[in-house]
Every structure is written in C-alpha cells, then in structure tokens.
Amino acid sequence: MKFSEKAVNEVKSIISKHRLVSDRENELIKKGYTTKECSMGSGGTGQIKTLKSEIRMQIGYGHGKHNYAKCVIFNF
C-alpha cells in the first residue's frame with residue numbers, strides 16, 4: 001500500500017476500533033495492507049518509522065530487547 005495521509009488515518013482508525021492486535025492485523029490484511037514483525041524501538045502504538053526502502057507504522061505492543069512489534073509496511 002502507498003504511504004499517504006488517507007492510509008495513515010485509516011490505520012489509526014482501525015487501531016482505535018480494535019483492542020486486540022490480532023483483530024487489527026486481520027482487518028488490515030483484508031483491506032490490502034502488508035503486516036510483519038519489525039524492530040521499532042521506543043514510541044508505542046501508532047509511531048511511524050521511516051527507512052530507506054519502506055515506512056513502518058506500529059500497530060501492536062513492543063516486546064523484547066529491541067522492541068519488536070507488529071507493523072504495517074508502506075511503500076514510497
């Protein structure tokens with residue numbers, strides 16, 4: 001999915017609508033978004049991290065030493 005303000009707002013509304021991370025992930029996949037477990041660091045649910053090849057938005061809680069969390073992957 002392309003990174004846009006509309007896409008970010010859609011993901012944020014899904015995050016606020018569902019309490020469970022699995023429910024969030026299922027709805028996002030149905031809408032065509034790509035999700036995966038990524039290292040996000042500190043910041044919490046809803047944070048956006050920009051890398052060279054992709055943009056990530058955290059949809060779940062962080063765990064582990066490097067705060068791995070479920071994320072939505074956006075393309076440039």
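Owing to the predicted nature of the structure, the values given are computational and were not obtained by experimental measurement.
- In this view, Tyr61 and Val21, His63 satisfy the side-chain contact (heavy atoms from CB on, under 4.5 Å) rule, not counting sequence neighbours.
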Exercise answer: donor-acceptor pairs, residues 25-32 side-chain atoms, under 3.5 Å, sequence neighbours excluded:
from, atom 1, to, atom 2, distance (Å)
Glu25, OE2, Thr35, OG1, 3.0
Glu25, OE2, Lys70, NZ, 3.2
Asn26, ND2, Ser22, O, 3.1
Glu27, OE1, Lys17, NZ, 3.4
Glu27, OE1, His18, NE2, 2.3
Glu27, OE2, Lys17, NZ, 3.2

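- Under the side-chain contact (heavy atoms from CB on, under 4.5 Å) criterion, Ser16 pairs with no residue, sequence neighbours left out.
- At distances below 3.5 Å, at least one donor-acceptor pair connects side-chain atoms of Arg24 with backbone N or O atoms of Ile59.
- A continuous path of hydrophobic side-chain contacts links Ile15 to Tyr33 [ILVMFWY only; heavy atoms under 4.5 Å].
- Follow the hydrophobic side-chain contacts under 4.5 Å out from Ile48 and you reach Ile14 in the same cluster.
- When all heavy atoms of Ala7 and Lys2 are compared, the pair lying nearest together is CB-O, 3.8 Å.
- With sequence neighbours left out, the side-chain contact (heavy atoms from CB on, under 4.5 Å) criterion links Ser53 to no other residue.
- Taking hydrophobic clusters as Ile, Leu, Val, Met, Phe, Trp and Tyr residues chained together by side-chain heavy-atom distances below 4.5 Å, Ile73 does not share a cluster with Ile55.
- In this view, Phe74 and Phe3 satisfy the ring pair (Phe, Tyr, Trp, His ring centres under 6.0 Å) rule, not counting sequence neighbours.
- With rounding to the nearest 0.5 Å, the separation of CE in Met57 from SG in Cys71 is 10.0 Å.
- Here side-chain hydrogen bond (donor to acceptor under 3.5 Å, both in side chains) pairs that include residues 38-51, with residues two or more places apart or in two chains, are Gln47-Gln58.
- Contact record, Gly62 with Ala69: CA-CB, 4.0 Å, taken as the closest heavy-atom pair.
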